[in-house]
Amino acid sequence: MKVLKFGGTSMANADSIRQVGTIIKSDPASRFVVVSAPGKREKADTKVTDLLYACFEKKQKTGACDDALAVVEKRFADIVSDLKIKLDLRGEFDAIRNAINSGASRDYAGSRGEYLSALVCAAFLGLEFIDAALIIKFSSSGKFEAELTNETAAKRLAASKGAVIPGFYGAMPDGSIKTFSRGGSDVTGSIIARAAGVSVYENWTDVDGFMTCDPRIVPDAALIDMLTYKELRELSHMGANILHSDSIFPVRKSDIPIHIRNTFNPGAKGTLIVPTKKYLAGAFFRNTRTVTGIAGRKDFIAIHMEKSMMNSEVGFARKVLSVLEEHNVSIEHMPSGIDTLSVIVDGTAVSDETLASTVSHMGTVCEPDNIEVVRDIALVAVVGHGMNRKKGTAAKVFSALYRAGVNIRMIDQGSSELNIIVGVENKDYETAIKALYEELKEM
Ligand code: ASP
């Protein structure tokens, strides 16, 4: 038995939905289908989810979302008529329009793309529709309730012979809609896979799988045929944008592999993401390489602090962390020296005001001799289980960057020896990735 999740490009128009139908029907193990909202039909197009957020903003600005919602209604009407299915969505759109115009939340508006997409897909495939609001549970403060969801969903799914479930959202105890972060339909697929107890979670997207590095920077990057949950987490957190990095948490509880596949190239092997412990115990085999993949992201910010005798000041790091917590700033890395400590934060997740108030508050609470903020830092992660068994990966990383003229601003290696992370300047990011790929591709 399988759960299949189809992303936005797979749901974008009638042709792609027909292709989805062929994939589902060709495999008798297909049981539950999770769908995204229709995504882009071509490069310049707008995703339905973004159109729906625009509806919410339109209502905030002008008091009504009607003309913005008409664009979404047209997108769905075209799909329904092209698919030649009997489905009248006018009542649904009236309800959505009324809800947004009466003050429904941004999450509610954003979630309607998945809701409608699942209605269309269920009608097209002749399968039952199960609303995610009934089985995916959040607390009243908006925290995802993993165990309650698992129990509720398991019961509901056991009573179904096959169903389509919208991705991306669930509901809080009062019934109001709450979404995961962007790309969250991947997480829904994983939740459904765990609750249904399937043997594999197939995640169908528009690329063949994970690549050893970003093919926009290195066109000859190779496909990774197998990744462990841990490697996936490192690579997707660091920018390998194929699967939501939180997707492993639900399936990890039951050791269900995730298989990344391409809707538009179903013959391709894809990338199989397998439980780390089982892989390390030899239950899965791949041609072992030292380095599995390289990924990275730009726009981090480093806050460097220096203070004489910092190493003997008990509680210094705690003070730093408490200031960050008070300002709700999450940290990516915290490299330290004897008298220095730096925190690296995601520059796309903190506003200038928050950063300024956090740094000034740190100055008062921690009393460093010097505090400096460095922007435009890119982080590059070299990831692979092979690294802790083999000497010389770090040496290769640093010498490749040296030869490419890249100045390393920070170094971090997780205790699991699964990754080496280097911080470089944004302007050196592409050069760093290319140099590392060349150096490590044979390893
Ligand atoms: N439609 C949502 C987004 O665009 C969720 C998803 O596709 O996974 O982020």
Side-chain angles (χ1 to χ4, degrees), residues 3-13 16-17 19-20 32-57 68-69 71-73 75-76 79 92 96 100 104-122 130-133 135-136 138 142 144 149 164-171 177-193 201-207 210 232 236-237 239-251 258-264 273 348-349:
V3 166
L4 300 90
K5 181 261 166 179
F6 291 90
T9 329
S10 310
M11 301 309 297
N13 58 35
S16 59
I17 297 173
Q19 172 68 5
V20 164
F32 297 110
V33 179
V34 174
V35 294
S36 280
K40 295 184 180 192
R41 291 160 295 187
E42 73 272 318
K43 224 171 171 205
D45 201 9
T46 309
K47 292 178 175 185
V48 162
T49 309
D50 290 309
L51 293 175
L52 287 161
Y53 286 134
C55 293
F56 175 79
E57 261 114 53
L69 190 65
V71 181
V72 181
E73 189 161 7
R75 279 280 285 266
F76 279 99
I79 293 176
E92 297 291 349
I96 295 169
I100 298 178
S105 69
R106 185 173 186 274
D107 276 13
Y108 168 83
S111 74
R112 293 304 86 187
E114 270 70 12
Y115 172 79
L116 294 160
S117 184
L119 282 178
V120 169
C121 202
I130 300 180
D131 191 351
I135 53 175
I136 309 269
F138 288 86
F144 172 58
T149 296
V164 183
I165 302 136
F168 192 36
Y169 71 93
I177 298 293
K178 170 85 189 135
T179 63
F180 293 108
S181 57
R182 292 299 302 263
S185 299
D186 287 338
V187 182
T188 309
S190 180
I191 292 167
I192 299 299
Y201 164 27
E202 285 188 349
N203 186 292
W204 291 81
T205 176
D206 55 3
V207 292
F210 277 83
L232 162 85
S236 58
H237 182 71
N241 231 340
I242 294 176
L243 187 74
H244 195 295
S245 61
D246 290 348
S247 307
I248 55 156
F249 296 122
V251 286
I258 306 174
H259 195 179
I260 306 290
R261 308 209 42 193
N262 187 350
T263 302
F264 307 98
I273 302 156
T348 60

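For ligands, and for the atoms within them, numbers begin at 1 and follow the listed sequence.
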Peer 1: Quick check on contacts: which atoms of ligand 1 are under 4.0 angstrom from a heavy atom of R182?
Peer 2: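 Counting atoms of ligand 1 from 1, those under 4.0 Å from R182 are 3 (C), 4 (O), 9 (O).
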Peer 1: May I ask whether G184 has any heavy atom positioned less than 4.0 angstrom from an atom of ligand 1?
Peer 2: yes
Peer 1: Under a plain distance cut-off of 3.5 Å, with no hydrogens placed, do N203 and D186 share a side-chain donor-acceptor pair?
Peer 2: yes
Peer 1: What about D186: any of its N or O atoms under 3.5 Å from an N or O on ligand 1?
Peer 2: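 No, no N or O pair falls under 3.5 Å.
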Peer 1: Can you confirm, on distance only, whether ligand 1 has an N/O atom lying under 3.5 Å from any N/O atom belonging to G183?
Peer 2: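 Right, the criterion is met.
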Peer 1: Not counting sequence neighbours, which residues clear salt bridge (Lys or Arg N to Asp or Glu O under 4.0 Å) with E92? List them please.
Peer 2: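 None.
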Peer 1: Report yes if the distance between the aromatic ring centroids of F180 and Y169 is under 6.0 Å, otherwise no.
Peer 2: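 Aromatic pair excluded; centres sit 6.0 Å or further apart.
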Peer 1: What atoms of ligand 1 come within less than 4.0 Å of a heavy atom belonging to S36?
Peer 2: 6 (C), 7 (O), 8 (O)
Peer 1: With heavy-atom distances below 4.0 Å as the criterion, list the atoms of ligand 1 near S185.
Peer 2: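 It comes down to these atoms of ligand 1: 5 (C), 6 (C), 7 (O), 8 (O).
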Peer 1: Taking NZ, NE, NH1 and NH2 as the nitrogens, is one of them in R182 or D50 under 4.0 Å from a carboxylate oxygen of the other?
Peer 2: yes
Peer 1: Would G8 count as a contact of ligand 1 if the rule is a heavy atom under 4.0 Å away?
Peer 2: no
Peer 1: With a cut-off of 4.0 Å, which atoms of ligand 1 are near a heavy atom of E114?
Peer 2: 1 (N), 2 (C), 5 (C), 6 (C), 7 (O)
Peer 1: Quick one about S190 and H244 (side-chain donor to acceptor, distance below 3.5 Å, no hydrogens or angles considered), yes or no?
Peer 2: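 Per modelled atom types, H244 and S190 side chains form no pair under 3.5 Å.
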Peer 1: State which residues pass salt bridge (Lys or Arg N to Asp or Glu O under 4.0 Å) with D131; sequence neighbours excluded, sorted by chain then number.
Peer 2: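 Partners of D131 under the salt bridge (Lys or Arg N to Asp or Glu O under 4.0 Å) test: none.
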